[in-house]
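The structure appears right after this line, and notes come after that.
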Amino acid sequence: MVETFQRENNLAASDLDFHQLVDVEAGWIDRRIFWNTDIYQLELERIFARCWCFVGHESQFIEPGDFLTTYIGQDAVIVAKDRKGEVNVFLNSCTHRGNRVCFAETGTARQFTCNFHGWAFGLDGGLVSIHEEEHYSGCANFDKSKLGLHRARTESYKGLIFATFDPKAPSLNEYLGDYRYYLDVLLDNDPGGTEFLEGNVKSRLRSNWKFAAENFVGDAYHAGWTHASAAAAIFGRGVKVNPEKSFQASVNGHGTEFGLDLIGNAMALGEPEVVDYLKENEARFAERLGKLRAKMVGSMSSANVFPNLAYLPGLNTWRTWLPKGAHEIELNTWVLVNRDAPKSLKEAYRRGISRTFSPTGMFESDDGENWEHCTHSNAGVVTRRQKLHYGLGLDSAIDHEEFPGKIHRVQLNDANQRAFYKRWADLMSASDWSSLDNN
Amino acid sequence: MVTAPANPKNNAPRQASLEVFHLIQQFLYREARLLDEQRYDDWFQLMDEEFTYWVPVPQARYRRDKKGTYERDRMAHFDDSLAELKLRASRWKQRTAWSEDPPTRNIHYISNIEVEPSEGENDWLVRSVAISLRNRNEDEEDWLGGRRIDLIRQTPEGLRLVRREVFIAQTVFLSKNFNTFI
Ligand SMILES: [Fe+2]
């Protein structure tokens, strides 16, 4: 790899006091963080080019050559399995003139050849060959070994593959920290592990990425109102949250809000086989997760791994909010299932999730409406001077004997959202990882 | 799937008469208008009990790839029975479907109709192009185009849709949602 330029340090927003913009102590958030393009550019720099971002599931890479294309922030990347069995992540942009080198969204390839001048890159991103290489015979600074595609660090956690462009980022295990306890609810409830179903659904929303992320990290409150019509259609009644036995947990900006009802989310799929599967396997889940955690496998809950990977236990939709500017995201969704689950159960998830959490789904339709208008109202200069209230549950912190992380009682709470924005402000203020407290 | 079976009586391939073509064309136009008018119960009346509706999510893959743009077992926008479609539509009718009030203005545009014989004596394989235009709120506008392959049956009660497959062109669905059928 040729040396890359230093990160930009002249971005206009870098002098802002982000801890003032998101006042998590008092529970107020300045709306400019959802609108200003300067802040957005700094987010690309200090959040997306710095954090571990989700890029795929190991089950998507069976044979050498299997690849997919996605984004880390707005950086287009190729994720590909090489002949040694390693999964590599590197920029999807030729080192010669910068053209995109892969236009397919997934498939199997031996190499990625640029359409412009025929520069061909291997499954690890290295430059393999170029068209009519003889022209470069007298070119002193042409060194193929230094002209590979810029690689990201890649690590995986129980099937999920993450990548970061920051050489100074902590290990993925450190980055996830105790949040792994909550990830294991879905990733490790069955000895066979997990897989993604074939295919995924991508859609565009005119929303700032943070409205989507904060919704999944901790907005149980919206479910009863936003999704009233979907709940009425599916259950014939509204969504009710149990205030006694429900919690919010957060670690390093990652967070989940959850009940302990085993099947609350799964019921929404409208697929009885899924609910039966959860009930029949509760004792088996408990062997791996313990009794308490086993109750979270399909419970009424949602989660977001900082910055932009989200999922819903029970419904098993996994998704990324890929930023496409300050006011737009591309939502990518997949369905996660236990690899050893019966085929009919996987099929139930596939059809159920299409009816609920997809652009044609009964729940997701309403979410997009809200996030888009929460974003675009801020075009008004007076409007965006008005701070937003994030004060629900300011006094609800508790210690819990089993649950790790910062715990708040009652899942109807803004606590996880405040923790998400606290992490956001920490990252936006820090010049590099060494000045960040990773707890 | 598209080759015309011979008519056993005179060995000539069965062909749609102008009258049949006209009936089918009017059927598709009426069906599209029912969607525009959000008269879902009336729309469902046009379906056979066994109706299936499949709208796959296309994938941009290289031509040499063994897997195609559209595949059966992948995630789909719709892969529904009649009962499942009715469940989706029942949400739009709820008083609490906040985002449906004021309602979306829909226009379904139908063209490129081709009618070919299908295997069943009373069945027709009908191809068409459908474009859905939706306008919402002040300035929201969403377009979606797809090629459709329908199986339409002539019954004593009139024409009935038995199967519909819609091959849309967007790999990334360029809207936040899709709150109609196509
Ligand atoms: Fe929601």
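In what follows, every heavy atom counts, from backbone to side chain, and hydrogens, waters and symmetry copies are set aside. A note on names: the letters A, B, ... follow the listed sequences, proteins ahead of strands, and every chain is numbered from 1.
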Against chain A, work out which of [options] has the most heavy-atom pairs shorter than 4.5 Å and name it.
options: B:W92, B:Y62, B:F78; value: B:Y62
options: B:R136, B:Q170, B:R64, B:E100; value: B:R136
options: B:V55, B:D73, B:L85; value: B:D73

Contact class of [X] relative to chain B, heavy atoms under 4.5 angstrom:
X: A:H227; value: neither
X: A:S365; value: both
X: A:I329; value: neither
X: A:T333; value: neither
X: A:A231; value: neither
X: A:R350; value: both
X: A:F196; value: neither
X: A:W225; value: both

Atom group of [X] that falls short of 4.5 Å from chain A, counting heavy atoms:
X: B:N179; value: neither
X: B:S175; value: backbone
X: B:R95; value: neither
X: B:V172; value: both
X: B:R72; value: backbone
X: B:T180; value: neither

Is it the case that the side chain of [X] and the backbone of [Y] share a donor-acceptor pair, with hydrogens and angles ignored and the cut-off at 3.5 Å?
X: A:T356; Y: A:L269; result: no
X: A:R351; Y: B:D79; result: yes
X: A:N208; Y: A:K210; result: yes
X: A:H222; Y: A:D219; result: yes
X: A:R100; Y: A:C102; result: yes
X: A:T320; Y: A:L322; result: no

Can you tell me which of [options] forms the most heavy-atom pairs within a distance under 4.5 Å of chain B?
options: A:E372, A:E364, A:E330; result: A:E372
options: A:N332, A:T106, A:L205, A:L197; result: A:T106
options: A:R206, A:K202, A:E347; result: A:K202

- So does B:E50 have more than 12 non-hydrogen atoms from other groups sitting under 6.0 Å from CD?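 Incorrect, the count does not exceed 12.
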For the atom pair CD (A:E369) and CD (B:E140), what is the distance rounded to the nearest 0.5 Å?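 The CD atom of B:E140 is 6.0 Å from CD of A:E369, to the nearest 0.5 Å.
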So which of B:F173, B:F178, B:F181 actually passes ring-ring contact (aromatic ring centres under 6.0 Å, His included) with B:H77?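 Among the candidates, only B:F173 passes.
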Exercise for review: Write down the atom of A:G125, the atom of A:F90, and the distance for their closest heavy-atom approach.
Suggested key: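 So the minimum-distance heavy-atom pair works out to N-CE2, 3.4 Å.
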Is a donor from one side chain sitting under 3.5 angstrom from an acceptor on the other, for B:W124 and B:E116?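 Note: B:W124 and B:E116 side chains miss the donor-acceptor criterion.
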Is A:M362 close to B:L87 at the side-chain level, that is, under 4.5 Å between some pair of heavy atoms?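 Answer yes - side chains close enough.
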